[in-house]
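Just so you know, ligand 1 is whichever comes first in the structure, and atom 1 is the first atom listed for that ligand.
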Amino acid sequence: MSKINKKDFLPYAKQSIDDDDIEAVISVLKSDFLTTGPVVTEFEDMFSEVLNVPHAVSCSSGSAALHLAYLSLDLGPGNYVVIPSVTFLATANMVLHTGAEIIFCDVDPKTGLASAETIREAIEFEGKRVSVITVVHMAGQIPDMQSISKLALELDVQVIEDACHALGSLDPSGDPVGRCSNSAATIFSLHPVKAIAGGEGGVITTRDAEIACSMRRIQNHGMIRQNFTDLNQALSENGQVNPWYYEMLNPGFNYRLSDIHAALAKQQLTKLKHFTEHRSSLVKRYDAIISTMPDDFRSFIRPSGRASCGEVAWHLYIVLIDFKGLGCDRFTVMQYLKSKGIGTQVHYLPLHMQPYYRKRYGKKYLPGAEDWYAQTLSLPLHVGMEYEDVDRVISVLSEALVKCR
Ligand SMILES: Cc1ncc(COP(=O)(O)O)c(C=O)c1O
């Protein structure tokens, strides 16, 4: 078998970097600030303007963003957070780092999204008083936030949106995800496979000035430089604030974003609309080809998505394939695609099935999440792709499904 040249390999996800991005980073390298400086502030301002939300706090990763959001809601030992089982590890792991515990809820096997019903079911099953519900915008889709926030109101709990997949998505009323119309805070990742790349980085948006202020403090060692609590120490003999003085209110972290990362993220943010439109045209191409395939094939493979979930900025193109019914296994299909130069991924092994969480919370059965996991396959979707790439992926996938039976 001929070897695939690395350059010809089509990965499932990839950043798109142009000369303007490179120039933006170079200009920071030539400036006075490498760590948090003016470009971070410019990036945060642009982010809050694009999402039409009062506060955007940047940080070092999407995981750090989750940690900051959870801590700013005062999560700690004795608290419980509901999390959909189908998500990336960080959504849950960061809860444990606050000392709180997790209740995993089920998802719709067709979309991978949690709903008010699956959340309520999980809470009632566990019989715990819950403090926070975290929803995950799987692949860019938006769960039914209205009914989830109605449930949150009824139970008097806060909602956090993990929108690492959904920068650029619009909710059914046309508001950008991150506007926090139905949540206390929304978090985003700037990891290179996401909608825009910062190398590493994260952002939390909120409408609540107190939450934003608390996150900024925790992000930087719990440090404040005004509104001091101990004026005896803060003031010099002439009554002026000592110029070196700062106070620590609680033990925070170094979760700061650097100007180097912010420069890349800011430049990428100017292209968000273009990126979203290009991905969307690729998704339409995938959908169109799949819809013309023979019925016996189409019944096994269908595009993801919900008609009523607003305008999705697709982060992943996921197909659900009845591998078991077809008599072929996913590993063999993925290997075949790889041998033809096509990368795929699985999003995700449900967290309640992770050995760590099975040990911590016991064996659980969440049928929707397990069905989703059995069938899910993420095909390549990124800005560097053209229609021919989509056509090739589907053609090779069809071959694989026939050959692997
Ligand atoms: C749903 C979700 N949550 C959280 C994260 C964590 O983001 P980061 O990798 O920037 O820490 C990711 C990133 O993969 C993610 O996909």
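- Aromatic ring centroids of Y361 and H352 lie 6.0 Å or more apart.
- In this structure, ligand 1 sits under 4.0 Å from heavy atoms belonging to S61, G62, S63, L66, T87, F88, A90, T91, D162, C164, H165, S189, K194, G201, Y348.
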The test is side-chain contact (heavy atoms from CB on, under 4.5 Å); show your working for L316 and Y12 and say whether it passes. CA-CA 8 Å; L316 300 167; Y12 90 90; 3.8 Å; yes
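- For the pair E126 and K364, the salt-bridge criterion is met [side-chain N within less than 4.0 Å of a carboxylate O].
- Under the 3.5 Å distance criterion, with hydrogens and angles disregarded, a donor-acceptor pair is assigned to the side chains of T186 and E161.
- Looking at T134 and Y70, their side chains do bring a donor and an acceptor atom within 3.5 Å of each other.
- Side-chain N or O atoms of R207 include none that pairs as donor or acceptor with a backbone N or O of S183 at under 3.5 Å.
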